[in-house]
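First comes the structure, then the notes that go with it.
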Amino acid sequence: MNHRGVKGTQDIFTPEVEVWRFIESTASRVFENFGFQEIRVPIIEHTDVFTRSIGETTDIVEKEMYTFQDKGGRSITLRPEGTAPVVRAFVQHSLYAKRPINKFYYTGPMFRYERPQAGRYRQFQQIGVEAFGSDDPRLDAEMLLMLKLLLEKLGLKDLDCQVNSIGCPECRPGYMDVVRAYFHDLYGELCSECQRRFEINPLRIMDCKAPKCRELRVGAPSVLDYLDNDCSRHFNALTGMLQALEVPYTVNPNLIRGLDYYTRTTFEVIASGLGAQNAVAAGGRYDGLVAEFGGPEKTPALGFAIGVERMVSLIKETYKHRRRPALFIAALSKEAEKMALILSGRLRGKGVWTEISYDSASLKSQMRRADKLNAEYVLIIGEEELKRGSAPLRNMNTKEQVDLWLDKVVEQFT
RNA sequence: GUGAGUGUAGUUCAGCGGUUAGAGCACUGGAUUGUGGUUCCAGGUGUCGGGGGUUCGAAUCCCCUCACUCACCCCA
């Protein structure tokens, strides 16, 4: 019986897992310097955690969720993104009551039933951050700075950070009317998807990729011109701070997020060389979401998520750092094999990466294995060595060989 | 959900109507006794993705199916 992994999932092996660990450890270090604390939330949630927050009519909710009924008849969903669960936990545990500002980061798998392609999987890993409790643009600026610093530390180049503001529930309806008015006479020329968007969420027409729709919106009004005073001041303050912090950005008024909960600031980091799925990180404000979950009315918040697989594919070519075994013990007789096992046990106990072979192969082939494993040293033990209590230790780089007392091996390597 | 491309050894691929289907890499062993990377020699494996059809003859042509990949859509 032949088994394959589920479509859109992947198995990750050793040189690559090191890249994953590098990304994860770098991220947590950077985030903690900004006062973010790790939070771990479940992979499954009640389905309405997502339907209510992400939006009933979004693609994610309409056709991409892994939803099932558990044995108690509850509708359960594998999380398609991280923000909703974190907000749920934030409200459920009344974290807003413990301190005025709460900042969290998390990492873990997300699930979306989509057709896989380059940079897109059905199970994919996100590293995300969420900050609650202030609508001050300093928080927005700080978060973009944090993202920029992380991307720098990861050695990523040729990135474009696009920012936009999509207003708030006060001013957005007005803009939506303006957009509807603009496209009213062009309705017939819009793609079928955008004709639907015209009714549901005309903002999405602004970031449709269909060439015809792109053309049609050339003269369309920009969101940025229809922000109310508060939103406009907020956005201008943010861009001013980004300049002061030397965070490079480009304003893209067509950057509309696909999740309904976003307000005001939205942003996306685009990388070249990733294929069609080129966003490595994206996020924005969601000032109304906490209230939506039953938290305090005024609990502004924002966050972003990084696509780890995409990040890995950007840096795995250049990532070098590889651990190597300190010692390979080659054994040439039954007694020597026993000695090798004992010595390797002691060394490993002291934290020294030691390798031995598990069959009685020729010295030549054991040397070959040591070389394959990239061991720094090889200790060669045979009958003679056991008798005299010392064995040749070969430095695999310099080929220098010295005799080492067998009872001194452990201290030699620690 | 839509479209395109690709499925041949562990892997990367060649073969594209005609005997027993090949190569590189990888793996294992050897090149005067117990010393790696280079070189040389030797060794094995394939339901040619699966099913059906055309043909004297199919890995090769046709149909169906499955899988993978890329793109659309959408997004991290």
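Only heavy atoms go into these numbers, but all of them, side chains included; no hydrogens, no water, no symmetry mates. Note that the structure is predicted; figures quoted are calculated from it, not measured. The chains referred to below are lettered A, B, ... by the order of the sequence lines, with proteins before strands, and numbering in each begins at 1.
Residues passing the ring-ring contact (aromatic ring centres under 6.0 Å, His included) test with A:Tyr96, sequence neighbours excluded: A:Phe90. A:Gln117 pairs by the side-chain hydrogen bond (donor to acceptor under 3.5 Å, both in side chains) definition with A:Arg120, not counting sequence neighbours.
For the C1' atom pair drawn from B:G53 and B:A14, the interatomic distance equals 28 Å after rounding to whole Å. Taking atom P on both nucleotides, B:A9 is separated from B:A23 by 14 Å, rounded to a whole Å. Between B:G10 and B:G43, the two C1' atoms lie 16 Å apart (nearest whole Å). Between B:G57 and B:U19, the distance separating the two C1' atoms is 11 Å to the nearest Å. Taking atom P in both B:U33 and B:C16, the straight-line distance is 47 Å, to the nearest Å. Taking the P atoms as reference points, B:A4 lies 30 Å from B:U47, given to the whole Å. The same atom, C1', is picked in B:G1 and in B:C73; the two are 9 Å apart, to the nearest Å.
Of the residues near RNA chain B, A:Gly119 and A:Gly382, the one whose nearest nucleotide (by heavy atom distance) lies more toward the 5' end is A:Gly382. Nucleotides of RNA chain B nearest to A:Ala361 and A:Asp59 differ in position, and the one nearer the 5' end is that of A:Ala361.
A tilted orientation is assigned to the rings of A:Tyr226 and A:Tyr175, their planes being inclined by 30° to 60°. Note: A:Tyr66 and A:Tyr113 have perpendicular aromatic rings, judged against thresholds of 30 and 60 degrees for the angle between ring planes.
The distance between atom CG of A:Leu147 and atom C1' of B:A76, rounded to the nearest whole Å, is 12 Å. For A:Lys372 and B:G29, the NZ to P distance is 10 Å, given to the nearest whole Å. A:Tyr121 places its OH atom 11 Å from the P atom of B:A71, with the value rounded to the nearest Å. Between the CD atom of A:Glu268 and the P atom of B:A76 there is a distance of 7 Å, given to the nearest Å. Summarising the geometry, the separation between CD on A:Gln162 and P on B:C75 is reported as 14 Å, rounded to the nearest angstrom. Taking atom CG of residue A:Leu274 and atom P of nucleotide B:A76, one finds them 14 Å apart after rounding to whole Å. Regarding A:Asp359, its CG atom lies at a distance of 9 Å from the P atom of B:U28, rounded to whole Å. In this structure, A:Glu114 places its CD atom 13 Å from P of B:A71, rounding to the nearest Å.
In this structure, A:Ala118 reaches the sugar-phosphate backbone alone: every heavy-atom distance under 4.0 Å involves primed, P, OP1 or OP2 atoms, never a base. A:Ile380 comes within 4.0 angstrom of a nucleotide base, judged by non-hydrogen atoms across all strands. Residue-level contact check: A:Glu384 touches the bases, meaning some heavy atom is under 4.0 Å from a base atom.
Between A:Phe328 and A:Tyr377, a ring centre-to-centre spacing not shorter than 6.0 Å is recorded. The ring of A:Phe36 has its center no closer than 6.0 angstrom to the ring center of A:Phe104.
One finds no side-chain N or O of A:Ser362 lying less than 4.0 angstrom from the OP1 or OP2 phosphate oxygen of B:G29. OP1 and OP2 of B:U35 both lie 4.0 Å or more from every side-chain N or O belonging to A:Gln366. At least one side-chain nitrogen or oxygen of A:Gln117 sits closer than 4.0 Å to the OP1 or OP2 atom of B:A71. The phosphate of B:G36 has neither OP1 nor OP2 within less than 4.0 Å of any side-chain N or O from A:Ser365. Between A:Lys7 and B:C66 there is no side-chain N or O to OP1 or OP2 distance below 4.0 Å. Of the side-chain N and O atoms in A:Arg115, none sit less than 4.0 angstrom from OP1 or OP2 of B:A4. The shortest distance between the side-chain N/O atoms of A:Lys364 and the OP1/OP2 oxygens of B:G36 is below 4.0 Å.
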Inset, instruction - Determine, stepwise, if the pair A:Glu355 / A:Trp353 fulfils side chain to side chain donor-acceptor pair (under 3.5 Å). - result: CA-CA 7 Å; A:Glu355 292 286 348; A:Trp353 181 359; 2.9 Å; yes
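Relative to the ring axis of A:Phe293, A:Arg52 places its NZ or CZ within 45° and under 6.0 Å from the centre.
If you check distances only, the side chain of A:Arg394 does reach the base of B:G36 with a donor-acceptor pair under 3.5 Å. The base of B:C70 does not come close enough to the side chain of A:Arg120 for any donor and acceptor atom to sit less than 3.5 Å apart. Under 3.5 Å, the side chain of A:Glu385 and the base of B:G34 form at least one donor-acceptor pair of N or O atoms.
Put simply, the side chain of A:Ser53 gets close to the backbone of A:Val49: a donor and an acceptor are under 3.5 Å apart.
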Inset, instruction - Using a 4.0 Å heavy-atom cut-off, write out nucleotides 6-13 of chain B from 5' to 3' as B (base contacted by protein), S (sugar-phosphate only) or - (no contact). - result: --------
